[in-house]
Amino acid sequence: MKKRKLRCPVCGASDFFYDRARGEVICRKCGSVMEERLIDFSQEWREFDFEQKESRRRAGSPLTPTRHDKGVSTMVGIGADMKGLSVADRRKYLRIAKWQTRISTAIERNLKFALTDLRRSASVLKLPESVEKEAARIYEQAARKGLVRGRSMESVVAGAIYAACRINNVPRTLGEISLAFGLDKKEIGKTYRFICRQLGIRILPTSPLDYIYRFSNELGLSPQTTTKAIEILKKALKKEITSGKGPMGIAAASLYVAALLTGEKKTQREVADVAGVTEVTIRNRYKELLEQLGLEDKVKEVKEK
DNA sequence: AAGACGAAAGTGGTTGA
DNA sequence: TCAACAACTTTCGTCTT
């Protein structure tokens, strides 16, 4: 394949930063996001990788031995030496072995379906490979621990994906995931919390900064505005007026203010939609930002024009 | 007519006794 | 286990552009 020199359509520079974790290419000079779906290039070998993974799994040991799956990962040996055992004990032994085979093949079967589903939605969500793998790992753990029982397989897959996103600081909102799966936000959130608790996964709150680039890109805002939003956001973080608040609302409000100040005005509704929050939340955050950062005058100035 | 603003009531989750 | 609580949503009326 011929190598073509990429140039930033905004500032013309050809110095890019590839944020592998987020699957985004960002111009070093002006900060605009060039490509959000870089991952699509890797579709081919990623699938190949998954095939490999699956076949490996069928062949034997789980990839991630953890403290959680004691009972299941320790197989009762089928060809074990049973000479010293009574008939009753032998029967019992064989019965256990049989059930374990049944359970584990059931899990393998389930895993096969789940991973197909996972792969499909990861591709819809344009997730980096690392996150997809992480999600697969989480799902497998959950399945082996029997957490899928009583829940739809899809919701657990969705929960695993969401958890993987959070862990890798790859911002995807619950709304986006629920759209990709056609599931209710609440349901995904519920299973997400459930499997996190059960698997002892520690979740750090996401930073609003993680969302800025994507939201900004989706709104079609200029790099200047994006930079402005980040500037505002950082000040807000420093003043600690953001703690306890939802990160998406804060990111959205920062972008809204920034767009206002640079004359690229977006309506509250537009911003609210891409950020997956309501206008009311934006208004509240927006008000706080203006008060705490002394931006009222600047906004007034802009409005006069 | 559309957008911005804010009050009031409701939702789901966390926390602390 | 339950009640208080904070953040966010929904809904709706009013004001501004």
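It should be emphasised that the depicted structure is a prediction, and the values quoted were computed from it without experimental measurement.
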Give a yes/no verdict on a cation-pi contact between A/Arg172 and A/Tyr162, requiring under 6.0 Å between NZ or CZ and the six-membered ring centre and an angle within 45° of the axis. no
Between A/Thr206 and A/Tyr211, does a side-chain contact (heavy atoms from CB on, under 4.5 Å) hold up when you go through it step by step? CA-CA 9 Å; A/Thr206 52; A/Tyr211 292 104; 3.6 Å; yes
Between P on B/dG13 and NZ on A/Lys186, what's the gap in Å once rounded to a whole number? 8 Å
With a cut-off of less than 4.0 Å, is there a side-chain N or O of A/Arg283 near OP1 or OP2 of B/dG6? no
Using whole Å, what does the distance between atom C1' of nucleotide C/dC15 and atom CD of A/Gln268 come to? 14 Å
Can you tell me the pairing partner of B/dT14 across any strand shown, Watson-Crick or G-U wobble, with both distances under 3.5 angstrom? C/dA4
Using atom CD of A/Glu288 as one end and atom C1' of C/dA6 as the other, report the distance to the nearest whole Å. 12 Å
Rounded off to whole Å, could you give me the CZ-to-P distance for the A/Arg285 and C/dA6 pair? 14 Å
A/Val280, nearest nucleotide to its side chain (from B/dC5, B/dG3, C/dT11): C/dT11
Given atom CD1 of A/Ile188 and atom P of B/dG13, what is their separation to the nearest angstrom? 13 Å
Let me know the distance between CD1 of A/Ile282 and P of B/dG3, rounded to the nearest Å. 14 Å
A/Lys265 side-chain proximity, nearest of B/dG12, B/dA4, C/dT10: B/dA4
For C/dC8, does OP1 or OP2 lie under 4.0 Å from any side-chain N or O of A/Lys245? no
N or O in side chain of A/Tyr256 less than 4.0 angstrom from B/dA4 OP1/OP2: yes
Validation row: A/Tyr213, A/Ile230 side chains within 4.5 angstrom (heavy atoms): yes
Any ion pair linking A/Glu129 and A/Lys133 (charged N to carboxylate O, less than 4.0 Å)? yes
Distance, rounded to the nearest Å, where A/Lys266 contributes NZ and B/dA2 contributes C1': 16 Å
Would you kindly give the NZ-to-P distance between A/Lys190 and B/dG12, to the nearest whole Å? 8 Å
Taking C-beta and beyond as the side chain, do A/Thr226 and A/Ser222 meet within less than 4.5 Å on heavy atoms? no
From the list B/dT11, B/dG6, C/dT10, which nucleotide is the closest neighbour of the side chain of A/Thr278? C/dT10
What's A/Thr267 touching, base or sugar-phosphate or nothing? Going by heavy atoms closer than 4.0 Å. sugar-phosphate
Under 4.0 Å from OP1 or OP2 of B/dA4: is there any side-chain N or O of A/Arg269 that close? no
